[in-house]
Amino acid sequence: MDPYARRVIEPVQFRNPFLWTAVIRGYAIEGKFDEAIAMYGCMRKEEITPVSFTFSALLKACGTMKDLNLGRQFHAQTFRLRGFCFVYVGNTMIDMYVKCESIDCARKVFDEMPERDVISWTELIAAYARVGNMECAAELFESLPTKDMVAWTAMVTGFAQNAKPQEALEYFDRMEKSGIRADEVTVAGYISACAQLGASKYADRAVQIAQKSGYSPSDHVVIGSALIDMYSKCGNVEEAVNVFMSMNNKNVFTYSSMILGLATHGRAQEALHLFHYMVTQTEIKPNTVTFVGALMACSHSGLVDQGRQVFDSMYQTFGVQPTRDHYTCMVDLLGRTGRLQEALELIKTMSVEPHGGVWGALLGACRIHNNPEIAEIAAEHLFELEPDIIGNYILLSNVYASAGDWGGVLRVRKLIKEKGLKKTPAVSWVVDKNGQMHKFFPGNLNHPMSNKIQDKLEELVERLTVLGYQPDLSSVPYDVSDNAKRLILIQHTEKLALAFSLLTTNRDSTITIMKNLRMCLDCHKFMRLASEVTGKVIIMRDNMRFHHFRSGDCSCGDFW
DNA sequence: TTAGGGTTAG
């Protein structure tokens with residue numbers, strides 16, 4: 001017998017199973033699983049019958065170790081010796097299987113349990129949510145007889161984590177209607193859903209809800225961190241900084257969210273400064289997300305040397321192993337700054353197999369720097385890894401188009417057709433002062449203000465031309481006449497959204513435009529000049545990042 | 001004696 005256990009157990013009451021269990025559990029909590037299991041072996045050798053509590057401690061240890069085989073053995077022994085005598089034993093079993101990523105076994109235990117409580121349900125609901133199966137989660141949730149706050153929260157955060165923000169908000173509303181109060185975790189899930197919707201209208205409501213529930217960002221680190229992320233994603237990085245400054249407790253989530261927010265808004269120096277402050281002036285350890293933020297700051301601003309420094313220090317100084325996502329940032333950084341060959345070499349040094357992100361970053365860089373040779377290498381891998389993502393094919397097609405290789409364009413177009421892929425329609429949207437969302441599609445004339453929008457655009461083009469605006473015809477990847485190119489360019493959705501906003505907003509207010517695809521060069525130039533002639537600040541988010549246009553300049557410094 | 005937690009890349 002273990003000498004420590006002997007010292008504790010022998011003098012007191014040798015045959016008491018609870019005493020043994022306490023020792024087993026103690027070991028398990030300390031993470032000394034081998035000792036815990038060895039103690040269980042001793043216990044059996046002494047012919048002492050384990051109690052339910054003993055098994056619950058052992059099952060929990062198996063879950064933490066992710067040891068499915070051992071877990072199965074204890075499952076069988078539990079059942080043989082104690083049956084499902086208490087609900088919590090079954091619940092611990094469910095939890096063990098969930099932690100071992102064996103959700104079907106967890107479900108089987110659930111189905112066979114003679115008695116269940118709300119914890120059994122919630123464990124399984126959360127497990128389904130974690131693997132992205134919100135259908136099963138919702139089905140289970142609806143059949144749960146009495147739903148408590150934690151169960152509701154599992155649904156709200158589950159939808160938020162699975163990129164279904166609208167559903168998250170719906171469940172939150174249903175929860176409130178059923179008279180159950182939200183706590184800090186629920187509200188954080190709600191804020192995360194609002195962040196994904198990326199509109200100030202939702203942001204305002206999220207803040208109201210947090211206030212109403214009594215959760216101020218200054219005292220609640222989870223709420224504060226969620227708000228930083230939300231404001232950044234809604235285009236209001238200033239407010240994100242305000243929240244950050246107001247917080248009394250900060251952790252790695254707080255810093256990572258702020259660094260990412262600054263990075264996506266092109267404020268690279270501030271992001272890096274914050275990163276350095278975090279690692280030198282606080283006790284908080286950077287994690288893998290923090291490094292994504294720091295590297296993204298570099299890649300969005302073309303800071304090659306600093307990016308290399310951060311990348312090298314990741315493992316050497318901080319012991320954080322670079323993942324494929326960090327390589328993606330580095331490939332993006334090298335590629336964007338024109339170091340395409342170097343980016344390709346870096347991919348070859350990766351110890352893990354590169355994923356679509358890595359090759360996609362390289363292909364995107366080839367698009368910017370017009371390099372069909374490397375683009376073909378990247379595309380070959382990418383089409384294998386992500387055969388159904390149309391954006392990849394469009395990127396390659398655009399590389400060919402820039403090179404004037406219309407045969408290449410046709411080949412890619414044929415490939416798209418063969419695969420039956422549909423083009424993602426471009427859409428831009430703005431939220432007016434009443435909180436109403438207005439969507440704009442290419443050349444779409446269905447908006448009630450369509451005529452006025454077209455007039456405004458015409459007027460704007462005239463004013464910009466005086467400043468030297470010439471449509472950038474290379475931004476149209478089709479083999480059509482120059483005039484047709486001009487007509488296509490002027491109907492780009494962000495330009496329609498801009499004209500609409502100029503017609504409907506106050507003189508001094510900021511215009512925020514969101515777009516689902518990457519902005520083209522022509523629109524970028526257009527926005528820059530428009531901010532000059534109108535005196536407006538235009539904040540524009542495309543699928544990659546934010547651009548802040550002010551007095552004829554962009555926060556990205558034309559590097560994007 | 002068991003449940004829900006905010007941040008990530010092209």
Side-chain angles (χ1 to χ4, degrees), chain A residues 21 25 51-53 55-57 59-60 63 86-96 98 116-127 129-130 148-158 160-161 182-193 195 217 220-230 232-233 251-261 263-264 287-296 299-300 323-333 335-336 354-367 378 382 386 389 391-392 395 518 543-545:
Chain A
T21 302
R25 187 162 178 271
V51 290
S52 314
F53 192 20
F55 287 117
S56 137
L59 287 163
K60 198 181 161 94
F86 294 106
V87 180
Y88 78 81
V89 176
N91 288 349
T92 319
M93 247 173 228
I94 294 178
D95 188 54
M96 181 272 294
V98 168
R116 307 173 193 123
D117 61 12
V118 66
I119 295 177
S120 336
W121 297 78
T122 309
E123 275 177 337
L124 210 50
I125 288 168
R130 227 166 287 139
D148 70 359
M149 188 226 296
V150 180
W152 278 106
T153 306
M155 291 305 289
V156 173
T157 53
Q161 287 160 352
D183 79 349
E184 196 184 349
V185 183
T186 335
V187 175
Y190 185 91
I191 296 172
S192 162
H220 295 82
V221 67
V222 181
I223 298 286
S225 307
L227 284 175
I228 290 170
D229 175 58
M230 183 193 73
S232 302
K233 288 188 177 144
N251 65 15
V252 67
F253 283 84
T254 324
Y255 276 91
S256 302
S257 299
M258 193 66 255
I259 291 167
L260 277 161
T264 48
N287 67 16
T288 158
V289 182
T290 323
F291 282 104
V292 168
L295 291 172
M296 232 171 79
S299 76
H300 280 184
T323 68
R324 297 188 274 204
D325 300 329
H326 301 102
Y327 278 95
T328 303
C329 293
M330 280 310 283
V331 169
D332 190 44
L333 170 60
R336 263 179 214 281
H355 64 343
V358 174
W359 291 114
L362 186 61
L363 184 56
C366 291
R367 158 83 179 103
L382 197 52
E386 298 176 344
I389 296 185
N392 297 335
L395 267 177
R518 188 179 193 267
N543 62 344
M544 309 291 303
R545 60 175 295 165

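Order of the sequence lines fixes the chain letters, A, B, ..., with proteins taken first and strands second; residue numbering starts at 1 for each chain. Keep in mind it's a predicted model, so treat the numbers as computed, not measured.
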When rounded to whole Å, the CG to P distance for the pair Asn91(A) and dT1(B) reads 14 Å
From CD of Glu184(A) over to C1' of dG4(B), roughly how many Å is that when rounded to an integer?
12 Å
Among the nucleotides dA9(B), dT1(B), dA3(B), whichever has the atom closest to the side chain of Ser56(A) is dT1(B)
Regarding Met149(A), tell me which of base, sugar-phosphate or nothing describes its non-hydrogen contacts under 4.0 Å with the strands shown.
base
Atom-pair distance (CD on Glu386(A); P on dG10(B)), nearest Å:
12 Å
Using a cut-off of less than 4.0 Å, is there contact between a side-chain N or O of Arg130(A) and OP1 or OP2 of dG4(B)?
yes
I want to verify a distance call: between dT8(B), dT1(B), dA3(B), whose nearest atom is closest to the Phe53(A) side chain?
dT1(B)
Would you indicate whether the side-chain heavy atoms of Val331(A) and Thr328(A) approach each other to under 4.5 Å?
no
Are any of the side-chain heavy atoms of Val98(A) and Arg130(A) separated by less than 4.5 Å?
yes
Quick one: does Asn543(A) reach the base of dG10(B) with a side-chain donor-acceptor pair under 3.5 Å?
no
Between His300(A) and dG10(B), does any side-chain N or O lie under 4.0 Å from OP1 or OP2?
yes
Classify the side chain of Thr328(A) versus the base of dA9(B) as yes if they form a donor-acceptor pair under 3.5 Å and no if they do not.
no
Below 4.5 Å, heavy atoms only, C-beta onward: do Thr122(A) and Ile119(A) meet side chain to side chain?
no
Set of side chain to side chain contact (heavy atoms under 4.5 Å, CB included) partners for Ala226(A), sequence neighbours left out:
Ile191(A)
With heavy atoms under 4.0 Å as the rule, sort Val331(A) into base, sugar-phosphate or nothing.
nothing
NE2 of His355(A) versus P of dG10(B): gap in Å, rounded?
10 Å
May I ask you to say what Leu382(A) touches in the nucleic acid, namely base, sugar-phosphate or nothing, with a heavy-atom cut-off under 4.0 Å?
base
When you check the phosphate oxygens OP1 and OP2 of dT8(B), does a side-chain N or O of Lys233(A) lie under 4.0 Å from one of them?
yes
Using a cut-off of strictly less than 4.0 Å, decide whether Gln161(A) has a side-chain nitrogen or oxygen near OP1 or OP2 of dT7(B).
no
Residues His355(A) and Asp325(A): side-chain donor-acceptor under 3.5 angstrom:
yes
What is the separation between atom OH on Tyr88(A) and atom P on dA3(B), rounded to the nearest whole Å?
13 Å
Which nucleotide sits closest to the side chain of Ala154(A): dG6(B), dT7(B), dG4(B)?
dG4(B)
Closest nucleotide among dG4(B), dG10(B), dA9(B) to the Cys329(A) side chain:
dA9(B)
Given atom CH2 of Trp152(A) and atom C1' of dG5(B), what is their separation to the nearest angstrom?
19 Å
For Thr186(A), which contact category applies under a 4.0 Å heavy-atom criterion: base, sugar-phosphate, or nothing?
base
Categorize Val358(A) for me: base, sugar-phosphate, or nothing, with a 4.0 angstrom heavy-atom threshold over every strand shown.
nothing
In terms of side-chain heavy atoms of Val222(A), which of dT7(B), dG5(B), dA3(B) is nearest?
dG5(B)
Picking from dA3(B), dG4(B), dG6(B), the nucleotide nearest the side-chain atoms of Ser225(A) would be dG6(B)
Report the distance from atom CG of Asp325(A) to atom C1' of dT8(B), rounded to the nearest whole Å.
6 Å
Contact class for Gly293(A) vs. all strands (heavy atom < 4.0 Å): base, sugar-phosphate, or nothing?
nothing
Interatomic distance, Ile94(A) CD1 vs dA3(B) C1' [rounded to whole Å]
10 Å
With a 4.0 Å limit, can you tell me whether Ser192(A) has a side-chain N or O closer than that to the phosphate oxygens OP1/OP2 of dT7(B)?
yes
Which of Ile389(A), Val358(A), Asn392(A), Leu362(A) passes side chain to side chain contact (heavy atoms under 4.5 Å, CB included) with Leu382(A)? Answer is Asn392(A)
Where the side chain of Asn251(A) is concerned, which of dG6(B), dT2(B), dT7(B) is the nearest nucleotide?
dG6(B)
Taken to the nearest 0.5 Å, the spacing of Leu124(A) CG from Asp95(A) CG works out to 11.0 Å
